[in-house]
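One structure is given here, and the rest of the page talks about it.
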Amino acid sequence: MCLQIQAESGAQVPPHITCAEASAVLAKTLTFIKERALLSRRLPRGDQLTLVRRCWAPLLVLGLAQDKVDFETVETSETSILHKILTYGPANSHKESGDHHSPSAADIQTIKRFLVKCWSLDISPKEYAYLKGTLLFNPELPGLHYVGYIQSLQQEAHEALKEYVKSIYTEDQSRFFNLIIALTMLRCISASVIVELFFRPIGNVNIDDKLLDVLCVDSKAQATEEISA
């Protein structure tokens with residue numbers, strides 16, 4: 001199989017364009033995480049790291065929906081790296097820490113169903129922002145210490161979304177619940193699948209390093225402000 005973006009015209013775009021689109025969304029996702037980290041400075045470094053590592057993948061998929069990045073997997077006779085990744089996984093693929101989960105047809109369909117669901121709801125930029133806040137501050141993740149505080153941050157995003165929907169979509173009583181239900185579709189999408197699908201084909205992209213860079217920058221900024229104070 002070969003990964004390709006489905007362009008608006010119906011033409012197929014080469015696989016590396018798909019990866020470039022996903023990389024652009026990753027950059028936006030990391031910026032969002034960095035900005036929202038300013039709201040969670042009371043959290044210990046361990047909790048911040050848990051949230052970022054466990055939530056970046058669903059945040060990225062939500063970003064794919066917002067940027068309307070569509071893709072198709074099609075059967076080809078070409079024996080390429082991407083072809084191997086989307087079937088049985090290449091023995092000579094680049095290695096990095098963490099499990100490698102070669103995307104299955106079920107994995108791909110789950111992502112695509114989520115994208116279609118989001119597009120059918122025609123989600124606004126503000127709604128996407130509140131949904132991302134709800135995803136990032138997930139108090140149900142194992143290993144967290146400041147669960148109550150994280151839950152309050154999630155509830156804040158949750159309530160902001162609810163109030164926004166109520167004020168804009170006055171006649172759509174089910175919209176808020178449809179948005180929240182859509183998020184539940186992201187629970188079975190693993191980070192390893194996203195890495196293999198969108199980033200492994202363009203080289204040894206170490207997502208963990210990028211996430212640590214975000215936290216490192218925020219920690220330095222916090223320390224500078226504390227010294228200035």
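Owing to the predicted nature of the structure, the values given are computational and were not obtained by experimental measurement.
Summarising the geometry of L144 relative to N138, their closest heavy-atom pair is CD1-O, 3.3 Å, with the distance given to 0.1 Å. Residues Y130 and A160 share a closest heavy-atom pair of CE2-CB, 3.6 Å. Taking each heavy atom of V25 and L60 in turn, the nearest pair found is CG1-O, 3.6 Å. In this structure, E127 and D122 approach most closely via the heavy-atom pair OE1-O, 4.4 Å. Between L141 and C55, the shortest heavy-atom contact is CD1-SG, 3.9 Å. Between F32 and G133, the closest heavy-atom pair is CZ-N, 3.7 Å.
Around atom CZ of F177, no more than 12 heavy atoms belonging to other residues, nucleotides or ligands sit under 6.0 Å away. By the neighbour-count criterion of 12 heavy atoms within 6.0 Å, atom OH of Y164 is densely surrounded, having more than that number from other residues, nucleotides or ligands.
Between the side chains of D172 and S174, at least one donor N or O lies within less than 3.5 Å of an accepting N or O. Between Q151 and Q155, the side chains place no donor N or O within less than 3.5 Å of an acceptor N or O (distance only, hydrogens not considered). The closest side-chain donor-acceptor pair between S104 and D107 falls under 3.5 angstrom. If you check the side chains of Q66 and K28, you find no donor sitting under 3.5 Å from an acceptor.
Residues E21 and D67 form no side-chain contact, since every pair of their non-hydrogen atoms from C-beta on lies 4.5 Å or further apart.
L62 and I181 fall into different hydrophobic clusters, where Ile, Leu, Val, Met, Phe, Trp and Tyr residues are linked whenever their side-chain heavy atoms come under 4.5 Å apart, directly or through other members. Both L131 and Y169 belong to a single network of hydrophobic side chains, linked directly or stepwise wherever heavy atoms of I, L, V, M, F, W or Y lie under 4.5 Å apart. Under a hydrophobic clustering in which Ile, Leu, Val, Met, Phe, Trp and Tyr are joined whenever their side-chain heavy atoms come within less than 4.5 Å, directly or via other members, L136 and V147 fall into the same cluster. Criterion: ILVMFWY side-chain heavy atoms under 4.5 Å apart, direct or through other members. Under it, V116 and I123 are not part of a common hydrophobic cluster. A chain of hydrophobic side-chain contacts below 4.5 Å, direct or via other Ile, Leu, Val, Met, Phe, Trp or Tyr residues, connects W119 to L183.
Checked by atom type and distance alone, the side chain of T170 never pairs as donor or acceptor with a backbone atom of S167 at under 3.5 Å. At distances below 3.5 Å, not a single donor-acceptor pair connects side-chain atoms of T184 with backbone N or O atoms of I180.
In summary, K166 and E163 engage in a salt bridge, as defined by a charged side-chain N under 4.0 Å from a carboxylate O.
Summarising the geometry, atom CG belonging to L115 is positioned 11.0 Å from atom OG1 belonging to T110; distances are rounded to the nearest 0.5 Å. Atoms NZ and OG1, on K132 and T29 in that order, are 6.0 Å from each other to the nearest 0.5 Å. To the nearest 0.5 Å, atoms CG (N178) and NZ (K117) are separated by 5.0 Å. Atom CD of Q48 is separated from atom CD1 of I150 by 9.5 Å, given to the nearest 0.5 angstrom.
In this pair, F176 and H158 present their aromatic rings perpendicular. The plane angle is above 60°, beyond the 30 to 60° band.
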